Each structure stands twice: as structure tokens, then as C-alpha cells.
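I have placed the structure first, in the form of C-alpha cells, so that the comments after it can refer back to it.
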Amino acid sequence: MDFRFDLIRDYLPFFLEGTLYTIGVSLLGILFGTILGLVIGVGKMLKNKLLAFPFNLFITFFRGTPLFVQILLIHFGLIPLVIGETNAIVAGVVALTLNASAYIAEIFRAGIQSIDRGQMEAARSLGQTHLQAMRYVILPQAVKRMIPPLGNEFIVLLKDSSLLAVITVPELMYWGRAFQGQYYKIWEPYLTAALIYLILTLSMSFILDRIEKRLATE
Amino acid sequence: MPRLCEPAFSKYITKGELFMGKLSRIGFLLMLVLAMFLAACGSDESNGSASGGDSGGKEKKELRIVTDGAYAPMEYMEGGEVVGFGIDFTKAVVAEAGYEPNIEVIGWDPIFAEIEGKTADMAVSSITINDERKQTYDFSVPYYLSTNKILVPENSDVKSGADLKGKKIAVLNGSTGQEVAEKIVGENSRDILKFADNNLAIQELLAGGADAVIADNTIVEYYTKMNPDQNLKAVEDESFADEFYGVLFPKGSDLKPEIDKAINTVLDNGKYAEIYEKWFGSQPDVETLKAQQ
């Protein structure tokens with residue numbers, strides 16, 4: 001087997017463009033997913049079962065069905081319904097956001113609920129309101145505990161963005177597949193893509209590591 | 001403080017134990033399912049080798065034939081079975097050559113990996129013979145004449161390939177439709193959307209994300225015929241060259257001469273025309289096919 005480095009070199013601009021798209025949709029997915037995840041996580045913790053129900057349903061659906069299916073549903077179903085035509089990038093960001101937010105909601109819930117009840121009770125007894133207690137006592141401790149699972153989720157999301165190739169989001173895997181379709185080569189495009197993904201996930205875990213260290217109190 | 005802690009601690013233990021009990025029960029169930037799954041796989045395999053052993057005496061070797069299986073009416077899934085013109089043709093040819101076909105649907109892109117890796121004996125999947133592919137694979141003699149056509153909405157003003165400039169074109173990744181599109185709007189153009197199968201490409205057209213699909217005439221015509229309510233039409237462009245489908249082999253396959261001979265027999269003895277008639281309702285142009293050999 002001869003490994004064609006020259007083909008990879010020719011294709012480098014497309015790999016580069018794909019990498020930028022991968023980073024772009026992943027960052028947007030992480031950003032919106034975290035915001036939405038916080039809302040849904042808090043929603044699920046509502047005492048009123050009726051109010052918490054839609055949030056539960058959301059998590060059940062997006063955590064219980066494959067992302068692949070969700071991507072196709074959102075691209076060919078939801079997005080044309082809303083904006084009148086398909087838009088792969090919008091559909092991709094929406095799919096990643098909704099899927100990630102279901103997991104992130106549970107991470108938030110776990111983080112908040114892992115803080116001892118006594119902390120809230122102590123804060124309340126000092127005269128803080130529920131919101132103040134959350135803001136100044138519970139969340140600062142909870143966020144620290146959420147960093148490792150959130151980091152996990154972000155890395156999974158980055159890798160899952162490769163599934164968007166199926167709806168032609170021009171991200172890394174899309175160009176990898178296009179390379180394969182053009183030259184009928186297996187190793188060259190997919191090993192290159194794997195290497196780039198590895199670099200991306202390693203950089204991400206490095207950043208998360210730094211954040212974790214900075215937040216460490218001991 | 002110790003008094004406060006103690007009950008909490010013992011509660012934790014009981015909860016923990018309960019949890020462990022549940023976990024091991026789930027674990028046991030998982031193991032059971034896994035064991036059953038493995039047993040099922042095992043028995044499947046033993047069935048396969050048993051039948052292989054039976055026919056071994058009669059020298060009827062089984063061929064692993066791979067196909068895309070999402071390409072009606074050539075090769076597609078009907079219920080749990082793969083059917084189509086290509087499938088009937090393959091069965092006839094393989095029987096003629098004295099083999100047993102084991103046709104497996106694996107998707108388009110994996111075909112090339114499996115054939116290059118020699119994990120499959122041959123592939124029948126409406127694969128157009130071209131020079132690029134010939135560098136890496138062997139082809140049989142041509143068995144089907146095809147050309148690319150443009151699929152557009154009925155109210156579209158596209159009359160030929162040239163009208164597609166600046167429009168979004170959905171294609172099957174790595175197909176000759178993609179090559180045709182590249183000739184119009186340029187290689188690696190952002191206006192070409194490469195999908196994993198033709199149905200997804202057509203879906204993109206229907207959903208408004210693409211202005212046209214370029215695919216083999218068989219697909220385009222079959223699709224418009226099967227879905228008249230979707231208001232699509234097929235546009236022909238004379239400048240799109242004739243294409244010929246061939247059976248794909250690994251480079252240097254010993255099977256090629258045998259299958260070539262069998263294809264010629266099937267072409268000559270009327271069996272080919274019979275299958276063609278069944279699927280397309282017309283007579284094939286066997287002369288043009290044979291002229292390509």
C-alpha cells in the first residue's frame with residue numbers, strides 16, 4: 001500500500017476549512033448547549049411536577065434517541081418547517097445544541113444537588129434569599145464539580161460534530177468523505193481527519209485542565 | 001457532631017448496598033443478554049460453515065457480493081430483502097459461473113474499502129466504469145448503459161447542464177453525477193452538496209436546500225415515476241456522456257475472467273433481455289454494450 005501524502009497536501013485547504021467549521025459548530029453547540037442546559041436543568045428541578053414535565057420530556061427525547069436520527073429530523077424536518085428551506089449549518093448547530101443541552105442539564109442538576117443541603121440552609125439562616133444563596137454559595141461550589149463532566153461532554157460534542165457530514169455541513173468529516181469519494185482512498189483522508197480531531201480534543205482537554213487547576217482551592 | 005454524622009453514614013451504607021445489589025442484578029442481566037447475543041452469532045456462523053461444507057462437495061463456492069442497496073430500481077431494499085435489476089442480473093451471472101451468491105448491503109462508500117481490502121469477492125452496485133477507478137480496481141465487461149440526468153422541480157427554468165451554474169447541486173458523494181456537476185461548477189465547489197445516498201440528495205432538493213440533483217437516469221426517471229405528487233421532472237443533457245456499469249473486483253482478481261464469460265453468456269442467451277424487460281419494461285441495447293468490450 002502506498003500512502004499518498006501528495007493527495008493530502010493537495011487537499012489541505014479543504015481539511016483546514018473543515019477544521020474551522022468543526023471548531024465553529026462545536027463552539028456554538030457548547031455555548032448554546034450550556035445556556036440551554038442550565039435552563040433545562042433548573043427546569044427539571046422545579047418542585048411543581050407539571051412545570052417540570054416539559055423539561056423531563058425534552059431530556060428523555062434528546063438523551064434517548066441517537067444524535068444521527070436527530071440530525072436528519074432537524075435538517076429535513078424542523079428547519080424547513082421554520083425557515084422554509086434547508087440550511088445545513090443552522091441545522092447542525094441546532095442539533096448539537098439540543099442534544100448537548102439534554103446532557104448538560106443533567107450535569108448541572110447533578111452539580112447543584114451534590115452540594116450538601118446544609119449549605120443552603122446555612123445561607124438562608126444568614127438571611128440570604130434563595131437566589132442569593134444559589135448565586136453566592138451553591139453555584140460557585142457546584143460549578144467546580146461540574147467542570148470534569150462538562151469537559152467530557154464538550155469533547156464528546158466535538159467528536160459528534162463529525163456526524164453532521166451526513167447533511168453536508170462542510171466540516172472536517174465532510175471533506176474527509178469527499179476526499180474518499182474523489183480519490184477512492186481510505187487511509188489518507190480518514191487518518192488525517194482522525195489526527196486533526198485528536199489535536200482538537202487534546203487542546204480542549206488541556207484548556208479544561210487549566211480551568212480546573214485555576215478553580216482548585218487546595 | 002458524631003451523633004449527626006452517624007445516622008447519615010449508616011444511611012449511606014444501606015443506600016450503597018442497595019445500589020450495589022441493583023447494579024449486580026443489572027450486570028447479571030447484561031451478561032445474560034450478551035451471552036444470548038454471542039450464542040446467536042455463534043450459531044449463525046456454524047450454520048454458514050455447515051452449508052458451506054455441504055456444498056463443498058459440489059464445488060459450489062459462495063461469493064461475498066457487496067452492494068449499496070439504496071439505488072432503486074437497480075439495487076434496493078424491499079422489506080428485508082435486497083432486490084432490483086442489478087441483483088437479478090448478479091444472481092443470473094453468478095449461477096451461470098457456478099457459484100452461490102451471498103449478497104450483502106453495506107452502503108456505497110464501504111464498497112470501495114471492502115473491495116480494495118479484498119474482504120469481498122465482487123461488488124454490483126451500478127458502478128460506472130471509469131479510468132480513475134480502473135487504477136485501483138478491476139472491472140468486468142460493461143453490463144448496463146446509463147447516462148446522468150438532472151432532477152429539478154417542475155417549475156424550474158433549468159434546461160441543460162449549463163443552466164446549473166451558480167445553483168446548488170446535490171449529488172451522491174463520489175458518483176459520476178458529482179463528476180458531471182464538477183465539470184459545470186468546478187471541482188470542490190461549495191455549490192456541490194455531497195450526500196451519502198441519492199435519497200438524501202433528493203430530499204435536500206425537495207426541502208429547498210438544493211436547486212437540482214444530478215444522478216443516473218435510471219434513478220431520476222424511477223423517482224419521478226414513483227413520486228408524481230412531488231412535481232419533479234427529469235432534464236436531459238446530450239453532452240452528458242454515456243456511461244457503462246461494471247462489476248467491481250479487487251485488482252488482479254481471478255474471478256474476473258469467469259464472471260466476464262458468464263456475463264457474455266447471459267447477454268447472448270436472452271436471460272439479460274428478460275431481466276431488463278422485467279425491471280424497465282423495454283428491450284436493452286445489447287449491441288452497444290457488446291461494442292464496448
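Labels below follow one simple rule: chain letters A, B, ... track the order of the sequence lines, proteins then strands, and each chain is numbered from 1. No experiment lies behind these values; they were computed from the predicted model shown.
For the set B:R133, B:E182, B:Q135, the entry with the most heavy-atom pairs within less than 4.5 Å of chain A is B:R133. Per-residue counts of heavy-atom pairs under 4.5 Å with chain A were compared for B:N188, B:L206, B:D197, B:T136; the largest is that of B:N188.
Looking only at atom types and distance, the side chain of B:T176 has a donor-acceptor partner in the side chain of B:E243 under 3.5 Å away. B:N130 and B:T128 share no side-chain donor-acceptor pair at under 3.5 Å. Between B:N198 and B:Y223, the side chains place no donor N or O within less than 3.5 Å of an acceptor N or O (distance only, hydrogens not considered).
Contacts of residues 9-22 of chain A with chain B at a heavy-atom distance below 4.5 Å involve A:Y11, A:F14, A:E17, listed in sequence order.
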request  = Just do the ring-ring contact (aromatic ring centres under 6.0 Å, His included) check on A:F5 and A:F3 with the steps written out, would you?
outcome  = CA-CA 6 Å; A:F5 281 105; A:F3 196 83; 4.8 Å; yes
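Using a 4.5 Å cut-off between heavy atoms, B:E132 touches chain A through its side chain atoms alone. Of the two parts of A:I79, neither the backbone nor the side chain holds a non-hydrogen atom closer than 4.5 Å to a non-hydrogen atom of chain B. Only the side chain of B:E187 comes within contact range of chain A, with at least one heavy atom under 4.5 Å from a heavy atom of that chain.
The heavy-atom pair separating B:T67 from B:I111 by the smallest distance is C-CD1, 3.9 Å.
In B:K251, the NZ atom is crowded: over 12 heavy atoms of neighbouring residues, nucleotides or ligands sit closer than 6.0 Å. The environment of A:Y136 atom OH is sparse: at most 12 non-hydrogen atoms of other residues, nucleotides or ligands sit within 6.0 angstrom.
Counting heavy atoms from C-beta outward, B:N173 and B:Q178 have side chains that approach closer than 4.5 Å.
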